[in-house]
Amino acid sequence: MAATDNPILTTHQLAVGYRNGSRPIILLDKLDLSLQAGEMVALLGRNGAGKSTLLRAITCDEKPLAGNITINGKDASNMSARERSQLIGLVSTDRIQAGALTVTELVALGRQPHTGFLGRLDDDDRLIVQQAMSDAGVADKANRYISSLSDGERQKVMIAKALAQQTPLIVLDEPTAFLDVASRIETMRLLQQLAHERGKAVLLSSHDMSQSLMLADQLWLITSQRQVVTGTTTQLLNSDVMNTLFDNPNITFNRQLLDFTLQD
């Protein structure tokens with residue numbers, strides 16, 4: 001499914017950071033960003049550049065210092081928590097503390113924005129849960145306990161939970177952080193598939209440079225000067241902007257490897 005012309009997410013003059021007492025500390029400023037349905041965007045930059053802070057603002061976990069965020073045409077600041085959870089599916093880097101639940105039970109928690117915390121699943125909800133597990137490639141593990149799964153399998157289950165929310169936007173903070181090479185590749189390809197075939201708007205931060213550059217449709221690059229440069233992956237790979245992500249002039253981008261190398 002191709003990206004549409006109607007953005008799922010837009011930001012206008014967004015500033016994010018934190019407060020030191022009453023004094024705002026701005027990490028990223030004047031951000032005009034957009035994310036379309038049917039595309040995967042990779043947010044890349046060095047540690048401490050502000051990637052997680054930006055994602056927390058976009059998911060309404062933290063209030064931005066300035067500007068506004070629109071999701072599916074609605075001002076995020078005016079939404080209730082339930083409204084936001086019906087629009088944003090979040091997959092974080094936090095370790096899953098749900099070992100006593102089965103895969104089906106955990107994925108079914110994604111229906112809470114629609115059924116309420118104590119809501120019962122009806123037949124439609126159960127079908128949505130089954131489809132989410134199938135789309136994430138964990139349907140064959142439906143009755144397994146979370147504690148018995150590998151890190152890669154658990155991450156797919158968390159993606160299935162986000163799918164069960166039926167949100168137009170899925171946001172992932174370092175989704176491959178704890179995964180081995182094979183699981184990183186599988187997870188990134190799954191996310192690309194969900195964008196292209198299921199029409200999701202997928203936004204992820206990642207240190208997995210090569211997979212991000214191979215699979216993402218768009219890049220949001222945070223430079224060493226805390227400027228956010230956006231564009232298609234092809235456009236930015238063919239520019240010099242990749243060499244602005246780090247302060248060290250000896251760290252340069254290698255187009256053949258799709259990764260950074262340290263020059264002697």
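Nearest heavy-atom pair across Ser224 and Phe246 is CB-C, 3.8 Å. Listed here is the closest heavy atom pair of Leu236 and Val241: O-CG1, 3.8 Å. What you find for Ala132 and Ala164 is that their closest heavy atoms are CB-N, 3.8 Å. Across all non-hydrogen atoms, the minimal contact from Thr176 to Ser206 is OG1-OG, 4.1 Å. Across Gln36 and Glu39, no two heavy atoms sit closer than the pair N-OE2, 3.0 Å. Considering all non-hydrogen atoms of both residues, Ala201 and Leu35 come closest at CB-CG, 3.9 Å.
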**OP:** Give the C-alpha distance, both sets of side-chain angles, the deciding distance and a yes or no for side chain to side chain contact (heavy atoms under 4.5 Å, CB included) between Ile170 and Leu203.
**Re:** CA-CA 6 Å; Ile170 299 177; Leu203 171 62; over 6 Å; no

Original post:
Yes or no on side-chain hydrogen bond (donor to acceptor under 3.5 Å, both in side chains) for Ser52 and Asp173, after CA distance, side-chain angles and deciding distance?
Top reply: CA-CA 7 Å; Ser52 293; Asp173 190 4; 3.1 Å; yes

**OP:** Test side chain to side chain contact (heavy atoms under 4.5 Å, CB included) on Val157 and Val107 and set out the steps.
**Re:** CA-CA 7 Å; Val157 172; Val107 175; 3.9 Å; yes

**OP:** For the pair His114 and Gln86, evaluate side chain to side chain contact (heavy atoms under 4.5 Å, CB included) and give the outcome as yes or no after the intermediate values.
**Re:** CA-CA 7 Å; His114 306 277; Gln86 291 176 347; 4.0 Å; yes

**OP:** List the steps, then state whether side chain to side chain contact (heavy atoms under 4.5 Å, CB included) holds for Leu14 with Asp29.
**Re:** CA-CA 6 Å; Leu14 187 69; Asp29 196 15; over 6 Å; no

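Other residues, nucleotides and ligands contribute only 12 or fewer heavy atoms inside 6.0 Å of the CZ atom of Arg23. When the shell of 6.0 Å around CZ of Arg226 is examined, it contains more than 12 heavy atoms from other residues, nucleotides or ligands.
Side-chain polar atoms of Arg111 and Thr115 form no donor-acceptor pair below 3.5 angstrom. Judged purely by distance below 3.5 Å, without hydrogens or angles, the side chains of Thr233 and Gln235 never pair a donor atom with an acceptor atom. Using modelled atom types and a 3.5 Å distance limit, the side chains of Thr252 and Gln263 yield a donor-acceptor pair.
Remark: side-chain polar atoms of Gln165 are not paired, donor with acceptor, to backbone N or O of Leu87 under 3.5 angstrom. Remark: the backbone N or O of Asp125 is paired with a side-chain donor or acceptor of Asp122 at under 3.5 angstrom. Side-chain atoms of Lys51 do not come within 3.5 Å of backbone N or O of Leu43 as any donor-acceptor pair. In this structure a side-chain-to-backbone donor-acceptor pair under 3.5 Å is present from Thr167 to Gly89. Listed for the Gln192 side chain is a donor-acceptor partner under 3.5 Å among the backbone atoms of Leu215. Between the side chain of Glu197 and the main chain of Leu194, no donor-acceptor pair closer than 3.5 Å is present. Between the side chain of Thr59 and the backbone N or O of Leu55, at least one donor-acceptor pair lies under 3.5 Å. Between the side chain of Asp151 and the backbone N or O of Leu179 there is no donor-acceptor pair closer than 3.5 Å. The main-chain N or O of Ala142 is found under 3.5 Å from a side-chain atom of Thr104 such that the two form a donor-acceptor pair. Using modelled atom types, no side-chain atom of Arg56 and backbone atom of Cys60 make a donor-acceptor pair closer than 3.5 Å.
Taking a cutoff of 4.0 Å between a charged side-chain nitrogen and a carboxylate oxygen, Glu186 and Lys156 qualify as a salt bridge.
Annotation: side chain of Met242 is in contact with side chain of Met209 (closest heavy-atom distance under 4.5 Å). When side chains are defined from C-beta on, Met188 counts as touching Ser212, because their heavy atoms get closer than 4.5 Å. The shortest side-chain heavy-atom distance between Val202 and Leu172 falls under the 4.5 Å cut-off. Using a 4.5 Å heavy-atom cutoff, the side chains of Leu44 and Ser205 are not in contact. The closest side-chain heavy-atom distance from Thr10 to Leu33 is not below 4.5 Å. Taking the side chain as every heavy atom from C-beta outward, Asn248 and Phe260 never approach each other to under 4.5 Å. Looking at heavy atoms from C-beta onward, Ile159 lies out of side-chain contact with Val138 at the 4.5 angstrom threshold. Within the 4.5 Å cutoff, no side-chain heavy atoms of Val103 are placed close to those of Glu153.
Looking at Thr261, Asp240, Leu213, Leu245 one by one, the single match for side-chain contact (heavy atoms from CB on, under 4.5 Å) with Phe253 turns out to be Leu213. Exactly one residue among Leu163, Val91, Ile146 makes a side-chain contact (heavy atoms from CB on, under 4.5 Å) with Met158. That residue is Val91. Only one option out of Lys200, Arg198, Gln193 pairs with Asp135 in a side-chain hydrogen bond (donor to acceptor under 3.5 Å, both in side chains); it is Arg198.
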Show me the donor-acceptor pairs, under 3.5 Å and distance only, between side chains in residues 63-72 and residues at least two apart or in other chains.
none

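Taking CD of Gln227 as the start and NZ of Lys30 as the end, the distance is 9.5 Å to the nearest 0.5 Å.
Note: the hydrophobic cluster containing Met40 also contains Leu258 (ILVMFWY, side chain heavy atoms under 4.5 Å, direct or indirect links).
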